[in-house]
Amino acid sequence: MTLPFYLRRNPLTQRDDDFSAQTLVFETSEFEAIVSKAVKRHSSLNEVDATLAVNAVFEQVYEELLAGNNVITPMCNIRLSIAGVFDADHMDFDPEYHKVNLNFTPGINFRNLAQEVKLKKITASDVLPKIDGFEDSESESKNEKITPGKGGIVKGSKLKLNKDKAEEGLFFIAADNTEHKVTTYMRNMPSELIFTIPDGLTAGKYSLEIRTYLEGKTLRTGQLDYELTVD
């Protein structure tokens, strides 16, 4: 099995020669499915016992971390750290300025995985919805400004959405990863979306992302290769 990837323009720079690689995820393997596949490979196991055993290990790992211990497993190594600045040595932990982080690194059985992955370069337009450009009707700007509550136009390919599916849609994503989903569309076609920009956008930078089920199977994501701004 190969890992498909495609190149997309870096939206953080204005350079025409600055691209980054984006991997294409075919599906997400959830815990129950992984256990089921593992059981099929080992005839001595059954799903109930395997699930109980793995959950028991997870619970113990959780307890070890709560106790402040480092955890080393064949899959991953985990340690706790504290982020934030302490202005003086008598200052205590304050959750408003500090936070506890979980730090993961590959375990011994997974350290060579990246070298074993086979890569395949693809063309994004073949498998993903593609946003070629965004127009703000109020300011008449392209790929620059956003006017909350006014009209917006997106052009591209494979854009048509199923508005009844909660996970599908057009999203304005703020710098803090807050998502604002478009709810009103005047035109919903493969090459063009005309819509009302969400009213709750505050001043700042935003990325624009579309999520849609292509061929009804897998949720695919496409992004605009420019940052947009609310003044």
Side-chain angles (χ1 to χ4, degrees), residues 5-16 18-28 30 83 95-97 99 101 122-231:
F5 74 97
Y6 59 95
L7 300 183
R8 62 184 296 256
R9 186 181 173 279
N10 185 350
L12 301 179
T13 72
Q14 299 299 317
R15 291 170 49 188
D16 292 330
D18 191 351
F19 292 82
S20 59
Q22 182 79 39
T23 58
L24 179 66
V25 178
F26 284 107
E27 61 184 52
T28 299
E30 297 185 353
E96 186 174 349
Y97 301 103
K99 69 175 182 177
N101 289 330
I122 60 174
T123 302
S125 60
D126 292 338
V127 291
L128 298 173
K130 186 172 185 295
I131 301 178
D132 290 330
F134 164 78
E135 298 177 21
D136 181 81
S137 61
E138 181 72 9
S139 65
E140 298 183 349
S141 65
K142 294 183 179 180
N143 301 325
E144 292 182 3
K145 295 185 178 181
I146 315 170
T147 307
K150 301 299 182 179
I153 302 172
V154 160
K155 295 185 179 181
S157 59
K158 297 182 171 67
L159 299 176
K160 188 174 176 63
L161 299 164
N162 183 341
K163 295 180 288 185
D164 296 329
K165 289 187 178 292
E167 57 270 45
E168 287 198 38
L170 196 61
F171 298 83
F172 289 88
I173 304 174
D176 63 358
N177 291 322
T178 302
E179 297 185 349
H180 302 265
K181 184 179 180 180
V182 173
T183 58
T184 304
Y185 294 88
M186 284 71 78
R187 183 172 174 83
N188 181 12
M189 299 298 290
S191 61
E192 184 179 62
L193 301 174
I194 300 178
F195 53 92
T196 301
I197 299 168
D199 211 11
L201 303 185
T202 57
K205 301 287 187 180
Y206 290 82
S207 59
L208 181 60
E209 184 171 292
I210 185 170
R211 302 168 194 162
T212 180
Y213 282 100
L214 294 183
E215 300 178 357
K217 297 179 181 179
T218 305
L219 190 67
R220 300 295 193 204
T221 300
Q223 300 93 7
L224 177 68
D225 289 337
Y226 300 89
E227 274 194 329
L228 304 173
T229 304
V230 176
D231 293 331

**Q** Output the distance between atom OG1 (Thr183) and atom NZ (Lys163), rounded to the nearest 0.5 Å.
**A** 10.0 Å
**Q** Determine whether Leu219 and Glu168 make a side-chain contact, defined as any pair of heavy atoms from C-beta on separated by less than 4.5 Å.
**A** yes
**Q** Would you check, one step at a time, whether the test side-chain contact (heavy atoms from CB on, under 4.5 Å) holds for Leu170 with Leu159?
**A** CA-CA 9 Å; Leu170 196 61; Leu159 299 176; over 6 Å; no
**Q** Check this for me: Glu167, atom CD, are more than 12 non-hydrogen atoms of other residues, nucleotides or ligands nearer than 6.0 Å?
**A** yes
**Q** Do the charged groups of Asp231 and Lys145 touch, with an N to O distance under 4.0 Å?
**A** yes
**Q** How about Thr229 and Lys205: does a side-chain donor come under 3.5 Å of a side-chain acceptor?
**A** yes
**Q** Decide if atom OH of Tyr97 counts as having more than 12 heavy atoms of other residues, nucleotides or ligands within a radius under 6.0 Å.
**A** no
**Q** How many angstroms lie between CD in Glu227 and CD1 in Ile146, if you round to the nearest 0.5 Å?
**A** 10.0 Å
**Q** Lys181 side chain to Ala166 main-chain N or O, any donor-acceptor pair under 3.5 Å?
**A** yes
**Q** Given the rule in the side-chain contact (heavy atoms from CB on, under 4.5 Å) test, do Tyr185 and Leu161 qualify, once you have shown the distances and angles that lead to the verdict?
**A** CA-CA 10 Å; Tyr185 294 88; Leu161 299 164; 3.3 Å; yes
**Q** Do Thr221 and Ile210 make a side-chain contact, defined as non-hydrogen atoms from C-beta onward lying under 4.5 Å apart?
**A** no
**Q** Restricting to non-hydrogen atoms, name the atom on Leu201 and the atom on Pro198 that form the minimum distance, rounded to 0.1 Å.
**A** CG-O, 3.6 Å
**Q** Is there a side-chain contact between Thr212 and Lys158, using heavy atoms and a 4.5 Å cut-off?
**A** no
**Q** Supply the atom-to-atom distance Ser157 OG to Leu128 CG, rounded to the nearest 0.5 angstrom.
**A** 9.0 Å
**Q** Got a donor-acceptor contact below 3.5 angstrom from the Asn143 side chain to the Gly133 backbone?
**A** no
**Q** Anything under 30° is parallel, anything over 60° is perpendicular, the rest tilted; go ahead and classify Phe172 against Tyr206.
**A** perpendicular
**Q** Heavy atoms only: give me the nearest Ser137-Gly152 pair and the separation to one decimal.
**A** OG-N, 4.4 Å
**Q** Atom CG of Leu224 and atom CZ of Phe134: how far apart are they, to the nearest 0.5 Å?
**A** 8.5 Å
**Q** Evaluate whether atom NZ of Lys160 has more than 12 neighbouring non-hydrogen atoms of other residues, nucleotides or ligands under 6.0 angstrom away.
**A** yes
**Q** Side chains of Asp136 and Ile197: closer than 4.5 Å at any heavy-atom pair?
**A** yes
**Q** Enter the distance from Glu192:CD to Ile153:CD1 here, rounded to the nearest 0.5 Å.
**A** 6.0 Å
**Q** Look up atom NZ in Lys130 and atom OG in Ser191, then write down how far apart they are to the nearest 0.5 Å.
**A** 13.0 Å
